[in-house]
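See structure below.
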Amino acid sequence: MKMKVFNTLTDGKEDFIPHKDKEVTMYVCGPTTYNYIHLGNARPMVVFDTIRRFLEYIGYKVTYVQNFTDIDDKIIDRAAEKGQDPFKLAEKYIDEYFHDAEKLKVKMADFHPRVTQNMNEIIEMVQNLIANGCAYEVSGDVYFDVSSFKTYGKLSGRSLDDLKCGARVEIDAKKNNPLDFAVWKASKEGEPGWESPWGRGRPGWHIECSAMSIKYLGTEIDIHGGGYDLVFPHHENEIAQAEACTRKPFVRYWIHNGFITVNEEKMSKSLGNFFLVREILKKFPGEVVRFFLLSTHYRSPIDFDDQKLNTCAKGLDRIKNTFASLEEALAQGNFENNDEESNTADLREFKQAIEAAGDKFINAMKDDFNTALAIAAIFDFCKDVNTFLHNGIKGIAKEKKHLEKARDLFIDLCEDVLGILFSDDQGSSAGDSYGLVNDLMELLLEIRERARENKDWGTADTIRDGLVEMGIEIKDTPQGPKWDLH
RNA sequence: GGCGACGUGGCCAAGUGGGAAGGCAGAGGACUGCAAAUCCUUUAUCGGCGGUUCAAAUCCGCCCGUCGCCUCCA
């Protein structure tokens, strides 16, 4: 099956054909670093990380770039408010970004370029635009001339006339056309600035992505991603700058994720209804947040509230429980000689289930990264695995080879591609005391088992209920009691 | 004003012409000392009206409702 990708540029699904046979270049717009990231920032991080993981899983070599916009009006304003140095402020939130990204299981990009570290390339690009007659300087500012770029508006599906009708662009006497946008801005006294042919200044908002994309990935890249609200003007302007400079197509596939909403309203900084990832992570593990973000197709909106995360946590538990059962079955290790495969109906069905799960998952992901459908394939597989184990535990068939295959498939799909199966890192927060907790639990469970043997249910339940209150759950399985931290 | 998206069971969510996936919640059953986990069974004429078609959640038109972009925003 061919891979299909929805391309904002053509407003439809297309066959995915990268510029080189087995290599994919990806650029994803990263945050402007003036605050901790919020859930709205987290969606593209998780979505494009998953796309990257999937492409790698099916054999592409992916080069992944995510920038930091570390100089910008908002950073300057925020720093001024706090009486801080804007560079230090940006640096801090870059560090904090990595902290949150790790919790969300977002892999490091191959490159995390920063605007302030690529100033030469940006200035060069502005010079190029002026030389090509696509930009003009007015008293230290440089503006892109949208009328010089014939296909301006092709990404957002707007014509220059449509945009004028909007009339929401402020008239600026310096600009030839209200839609022209700054590629370089003169710095005021006391603001950060870099020397340039037009005096001391700093880059406009859109130019950094064009410049860094070209620098790190070349003039034509395969995938450029970001939130849907970046389509206009950010990405439209990136195209104009890049293509006016290189005279080549800038991006093959533009991919945009839908919004996070709260009470059906867009979560955004201006509305003030945003939730910091940091705050959410106090209540839910990163994998749950990640699973939540992947449980809906990336182009649809997702409405956020704690109840929905709770529901997702339960769904994820089902997957984790199944995986744990599989590992337990393998750990028991009392396999008969498996040289000759038994050929029971159970086993035949199980083998088919393993194959079907992999196929369904891959086909779902190949159809415009349909993670919701891919996850459904995982749930189907959970049921198949549980059914097999259910029967197997009764002593019918324990087939090491196929149990291992099933386990490996879980690891490939859930952990490597979706990034949701990692073991809880709560143990690490307990630090050195983790071993002690284990020993104490062993002791408690032993006491409880003795009570149960004596049918002293009161003592047994006191222990169990007390532990539940501490967030520890006990399960009495045929293999003895198990415990889990929640 | 211009452009666009969405409306599927109690909740979430796939599905773009021919069987209405999956999860959560609920009900009944098996297992269990009771639970938990797991298994089995069970819950939908797809916002409304009209049209095209042998056949529509899926295509077309109108209406109702919700949201987004056009301004910083993932």
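Please read these numbers as outputs of a predicted model, since none were measured by experiment.
- The aromatic ring centres of A:Phe292 and A:Phe284 sit 6.0 Å or more apart.
- When A:Gln66, A:Glu208, A:His224 are each tested for a side-chain contact (heavy atoms from CB on, under 4.5 Å) with A:Cys29, only one passes: A:His224.
- The base of B:A35 lies close enough to the side chain of A:Arg464 for a donor and an acceptor atom to sit less than 3.5 Å apart.
- Note on A:Leu271: nothing from the nucleic acid sits closer than 4.0 angstrom, heavy atoms only.
- Comparing B:C40, B:A14, B:G23 by their closest approach to the side chain of A:Phe379 singles out B:G23.
- When each of B:C72, B:A74, B:G33 is scored by its nearest atom to the side-chain atoms of A:Asp461, the top-ranked nucleotide is B:G33.
- When heavy atoms are screened at a 4.0 angstrom cut-off, A:Lys74 is found touching the sugar-phosphate backbone but no base atom.
- For A:Arg158 against B:C69, a side-chain N or O and a base N or O form a donor-acceptor pair under 3.5 Å.
- Here, B:U42 and B:G9 have their C1' atoms 13 Å apart, quoted to the whole Å.
- Using a 4.0 Å heavy-atom cutoff across all strands shown, A:Asn257 reaches at least one base atom of the nucleic acid.
- Residue A:Arg448 is classed as a base contact, given a heavy-atom separation below 4.0 Å to a base.
- Looking at heavy-atom distances under 4.0 Å, A:Asp476 makes contact with a base.
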| Pair pattern of RNA chain B in dot-bracket, where unpaired bases get dots and | marks partners in another strand, Watson-Crick or G-U under 3.5 angstrom | ((((((((.[[[..)..(...]]].(((((.......)))))....[[[[[..)....]]]]])))))))....
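- A:Gly225 comes within 4.0 angstrom of nothing in the nucleic acid, heavy atoms only.
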| request: Apply the test side chain to side chain donor-acceptor pair (under 3.5 Å) to residues A:Asp222 and A:Thr25: give CA-CA distance (whole Å), side-chain angles for both, the deciding distance (0.1 Å), then the verdict. | output: CA-CA 5 Å; A:Asp222 294 312; A:Thr25 47; 3.3 Å; yes
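- Between the side-chain ring of A:Phe259 and the base of B:G68, no stacking contact exists by the 5.5 Å and 30° definition.
- Here A:Lys266 lies in heavy-atom contact (under 4.0 Å) with a base.
- Remark: the separation of the P atoms in B:A13 and B:G19 is 25 Å, to the nearest Å.
- Residue A:Gly315 is the one, among A:Gly315 and A:His206, whose nearest nucleotide of RNA chain B lies closer to the 5' end (criterion: closest heavy atom).
- Mapping A:Ala377 and A:Asp384 onto RNA chain B by nearest heavy atom places A:Ala377 at the nucleotide closer to the 5' end.
- For a distance-only test at 3.5 Å, the side chain of A:Asp456 fails to qualify as a donor-acceptor partner of the base of B:G33.
- When each of A:Lys185, A:Lys188, A:Lys174, A:Lys175 is paired with A:Asp141, the salt bridge (charged side-chain N to carboxylate O under 4.0 Å, His left out) condition holds for A:Lys174 and for no other.
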| What string of B, S and - do you get for nucleotides 5-13 of chain B 5' to 3' if you count protein non-hydrogen atoms under 4.0 Å? | -------SS
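- As judged by a 4.0 angstrom heavy-atom cut-off over every strand, A:Met45 is placed among residues making no nucleic acid contact.
- Of the P atoms belonging to B:U32 and B:G22, the separation is 29 Å, rounded to the nearest Å.
- Closest to the side chain of A:Arg452, from the set B:A37, B:G33, B:C39, is B:G33.
- One finds a salt bridge joining A:Lys266 and A:Asp229 here, because a Lys/Arg side-chain nitrogen approaches an Asp/Glu carboxylate oxygen to under 4.0 Å.
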